[in-house]
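Note sheet for the following structure.
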Amino acid sequence: MVKDDNQIKEARFKAIVDCNSFYCSCERVFRPDLMNKPVVVLSNNDGCIISQTDEAKSLGLKMTGPYYQAKPLIEKHNVAVFSSNYNLYGDMSQRVMQTLKIFAGEKNVEVYSVDESFLNLIQVPDAQLFEFCLTIKKTVEQWTGVAVSIGTGPTKVLCKVANRLSKKDKKGTNGVVVLDTEEKIREALLQTPVGDLWGVGRRYDIKLQQQGLHTAWDLRNMNEEWGRKNLGGVVGVRLIRELKGQSCLEMKDPLEVKKMIATTRMFGRQVTELKYLREAVATYTARAAEKLRRQHCCAKTMQVFVVVNDYASTYKYNPETFALHSILPTATSVTHELMQYALPLVEKLYKKGSRYLKAGIILSDLVPQSCIQSNLFNDIATNTDQSLMETIDNINCSMRDDAVKFVSSGLTRHWKMRQELRSSRFTSRWNELKEVT
DNA sequence: TCTGGGGTCCTAGGACCC
DNA sequence: TCTGGGGTCCTAGGACCC
């Protein structure tokens, strides 16, 4: 059904498939008793709400609002609360995406985030767009238990507009909105506040409002030069064109690799000792190195940063970031080599008496493993190192997190984040399988 | 007491070169 | 009164996304 062609062809219509309240939906799959009940999922460290169901939303809970502020409301209405369980969500995400690939063809699915994919609707006759999307929606729900909403249009921005409308009125639209005529597009844009557009954040929203532009339709009717001047150069031009139905944001090759890899975390409690700061950064380095190896890349630049909260003088929450970077003599993905550069940076950053809230490592300047430029004075990672890394990755992947780890990452991990309300990893750990009684 | 973790793209401006 | 022109590369920072 789908043509096997190396070139990604741009279809006349695209779609975006977006999982409804994704993290909450995943939790509900294993807790059917929570169907139609309010559910929220918290960020790492149980800091704030990052996913909520419609029921929770209608109670007035705010997305990305701090958990402690929402707590009274949550308790009053008996809202189910979960810490985030990324093993579960990652696995459920793959199942959803697999299903989409069966329908649209592997090459026509661009996985945009853990819960969203763009589809290139090639070879779907215009008259059947709605039916096609509805079938996808029903199948995903049947096979994975996760409900999705689908928006279809000639450009990615218009798909997003359609998707928003399909979510706003799930019953009326069946969760599918197709913008395939000028009239429907106009109607949709008139109903979309300009600040809800994909590509318009808080700053631009304020700016647009000040200029008297309130709906997406208002923005669509501005000329491109105005967009270039006022909305970040070519970014603004593209946005206006996409609103007019001229596709500027092409489908991306799914095989593209990341350009930077970061691992950063808030600490479960404030850290003041160098020892723990080192452990944390060593742990993040190991994690980042794993991500690096998974995409078969090596990094040439490494940045370490810490966030301190020295409010002793001001009595205010006033986080400040300090960063240092190193350029490695040779790009590498070997954990202990990366640590060898990361740890001295931590030591340089550390100030006695400071209170640390967060730390992180960013690897950039990534190059494919196959074409590492070797440095005259350094051997590239020996084969032994490479196979050691492979072995560790295999064990950690099949057994459990960090079955094998480096001593520098610490054994007690006092600084680890809180995840008091995490559900089981039903789909990725044998010993956490759901039991049916 | 207490507010996530990862990414992308773009621009402006400085350094440097011929 | 007047101080070239054009190009590249790099970095910091801003804006956005989920």
Side-chain angles (χ1 to χ4, degrees), chain A residues 16-23 40-52 61-72 83-86 89-90 93 110-118 156-157 160 163-164 167 194-208 227-239 248-250 252 256-270 280 284 287-288 291-292 295 300-301 303 305 307 309 311 315-319 321 323 325 327 355 357-366 417-420:
Chain A
I16 187 154
V17 182
D18 188 324
C19 302
N20 299 342
S21 313
F22 182 56
Y23 296 169
V40 300
V41 173
L42 306 180
S43 65
N44 272 328
N45 229 9
D46 296 345
C48 50
I49 300 174
I50 52 169
S51 178
Q52 61 180 7
L61 291 172
K62 267 213 313 269
M63 274 285 261
T64 74
Y67 176 44
Y68 74 92
Q69 270 178 15
K71 223 167 174 174
S83 300
S84 34
N85 182 347
Y86 293 107
Y89 311 148
S93 171
E110 177 196 328
V111 177
Y112 177 71
S113 74
V114 70
D115 70 335
E116 281 176 54
S117 270
F118 284 103
K156 283 185 169 178
V157 169
K160 283 286 207 175
N163 186 237
R164 176 177 166 277
K167 285 196 162 184
V194 77
D196 285 353
L197 277 175
W198 192 47
V200 176
R202 241 195 65 235
R203 295 291 168 87
Y204 287 163
D205 188 19
I206 293 170
K207 200 164 165 183
L208 290 166
R228 189 186 303 279
K229 262 222 196 97
N230 292 278
L231 293 177
V234 301
V235 178
V237 176
R238 283 200 298 236
L239 178 55
C248 306
L249 304 167
E250 305 300 309
K252 274 206 210 126
E256 259 174 56
V257 295
K258 301 224 161 60
K259 294 171 183 166
M260 61 166 252
I261 284 174
T263 303
T264 75
R265 298 268 184 289
M266 296 277 300
F267 298 130
R269 61 184 78 159
Q270 292 192 342
Y284 304 158
R287 182 73 61 231
K291 294 185 199 167
L292 201 54
Q295 65 168 31
K300 186 116 180 54
T301 303
Q303 180 182 309
F305 71 87
V307 178
N309 184 28
Y311 53 74
Y315 290 96
K316 251 174 49 192
Y317 179 68
N318 181 28
T321 303
H325 73 274
I327 294 171
R355 313 204 225 180
L357 292 176
K358 177 178 182 173
I361 181 160
I362 301 173
L363 303 175
S364 51
D365 256 331
L366 309 188
M417 60 194 183
R418 298 182 293 261
Q419 281 197 317
E420 285 150 15

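First the proteins, then the strands, lettered A, B, ... as listed; each starts at 1.
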Problem - Protein-to-nucleotide contact annotation, 5' to 3' order, nucleotides 8-14 of chain B [B base; S sugar-phosphate only; - none; under 4.0 Å, heavy atom] - result: BSSS---
Problem - Out of B:dG4, B:dT3, B:dG6, whichever nucleotide has its closest atom nearest the side chain of A:Thr264 - result: B:dG6
Completion exercise
For DNA chain C, the expected dot-bracket line (Watson-Crick or G-U under 3.5 Å, [ ] crossing, | inter-strand) is ....||||||||||||||
Exercise for the section: For the pair A:Tyr23 and A:Tyr89, name the ring-plane relationship: parallel under 30°, tilted 30 to 60°, perpendicular over 60°. Expected result: parallel
Does the side chain of [Y] come within less than 4.5 Å of [X]'s, by heavy atoms?
{"X": "A:Val200", "Y": "A:Leu239", "answer": "yes"}
{"X": "A:Ile206", "Y": "A:Leu208", "answer": "no"}
{"X": "A:Lys156", "Y": "A:Arg238", "answer": "no"}

Practice task
Could you check whether A:Ser84 gets within reach of a base, just the sugar-phosphate, or nothing at all, counting any heavy atom under 4.0 Å?
Solution key: nothing
Practice task
Could you tell me whether A:Lys62 contacts a base, only the sugar-phosphate backbone, or nothing, with contacts defined as non-hydrogen atoms closer than 4.0 Å?
Solution key: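 Touches nothing.
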Practice task
Please measure how far the C1' atom in B:dC16 lies from the corresponding atom in C:dG4, and state the result in whole Å.
Solution key: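 The answer is 16 Å between these two C1' atoms.
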Exercise for the section: Return the 5'-most residue of the pair A:Lys291, A:Gln69 with respect to DNA chain B, ranking by each residue's nearest nucleotide. Expected result: A:Gln69
Practice task
List the atom of A:Lys160, the atom of A:Glu116, and the distance in Å for their closest heavy-atom pair.
Solution key: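 Shortest heavy-atom separation between A:Lys160 and A:Glu116 comes out as NZ-OE1, 2.6 Å.
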Problem - Taking every non-hydrogen atom, the tightest pair across A:Ser364 and A:Met260 - result: CB-CB, 4.2 Å
Between [atom2] of [N] and [atom1] of [X], the distance in whole Å:
{"X": "A:Arg265", "N": "B:dT3", "atom1": "CZ", "atom2": "P", "result": "16 Å"}
{"X": "A:Asn45", "N": "B:dG6", "atom1": "CG", "atom2": "C1'", "result": "16 Å"}
{"X": "A:Leu208", "N": "C:dA15", "atom1": "CG", "atom2": "P", "result": "13 Å"}
{"X": "A:Gln295", "N": "B:dG6", "atom1": "CD", "atom2": "P", "result": "14 Å"}
{"X": "A:Tyr284", "N": "B:dG4", "atom1": "OH", "atom2": "C1'", "result": "12 Å"}
{"X": "A:Leu357", "N": "B:dT1", "atom1": "CG", "atom2": "C1'", "result": "12 Å"}
{"X": "A:Lys358", "N": "B:dG6", "atom1": "NZ", "atom2": "P", "result": "8 Å"}
{"X": "A:Met266", "N": "B:dT1", "atom1": "CE", "atom2": "C1'", "result": "12 Å"}

Handout entry: Donor-acceptor under 3.5 Å (A:Ser21 side chain, A:Gln52 main chain)
Key =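 Yes, the answer is positive, given that a donor and an acceptor are paired below the 3.5 Å cut-off.
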Practice task
Return yes if some donor-acceptor pair links the side-chain N/O of A:Gln303 with the main-chain N/O of A:Leu363 below 3.5 Å, else return no.
Solution key: no
Handout entry: Ring centers of A:Phe118, A:Trp198 separated by less than 6.0 Å
Key =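 Yes: the rings meet the under 6.0 Å criterion.
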Handout entry: Crowding at NZ, A:Lys207 (>12 non-hydrogen neighbours, <6.0 Å)
Key =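 Counting other residues, nucleotides and ligands, NZ of A:Lys207 exceeds 12 neighbours.
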Handout entry: A:Lys291, NZ: over 12 other non-hydrogen atoms inside 6.0 angstrom
Key =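 Yes.
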Which protein N or O atoms sit under 3.5 Å from an N or O of nucleotides 16-18 of chain C?
| from | atom 1 | to | atom 2 | distance (Å) |
| --- | --- | --- | --- | --- |
| C:dC16 | OP1 | A:Gly201 | N | 3.0 |
| C:dC16 | OP1 | A:Gly201 | O | 3.4 |
| C:dC16 | OP1 | A:Tyr204 | N | 2.8 |
| C:dC16 | OP2 | A:Arg203 | N | 3.4 |
| C:dC16 | O5' | A:Gly201 | N | 3.4 |
| C:dC17 | OP1 | A:Leu197 | O | 3.3 |
| C:dC17 | OP1 | A:Gly199 | N | 2.8 |
| C:dC17 | OP1 | A:Val200 | N | 3.2 |
| C:dC17 | OP1 | A:Val200 | O | 3.3 |
| C:dC17 | O3' | A:Trp198 | NE1 | 3.2 |
| C:dC18 | OP1 | A:Lys160 | NZ | 3.1 |
| C:dC18 | O3' | A:Ser113 | OG | 3.1 |
| C:dC18 | O3' | A:Asp115 | OD1 | 2.9 |
| C:dC18 | O3' | A:Glu116 | OE2 | 3.0 |

Problem - Test: A:Lys358 cationic atom under 6.0 Å from A:Phe267 six-membered ring centre, within 45° of axis - result: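 No, A:Lys358 and A:Phe267 do not form such a contact.
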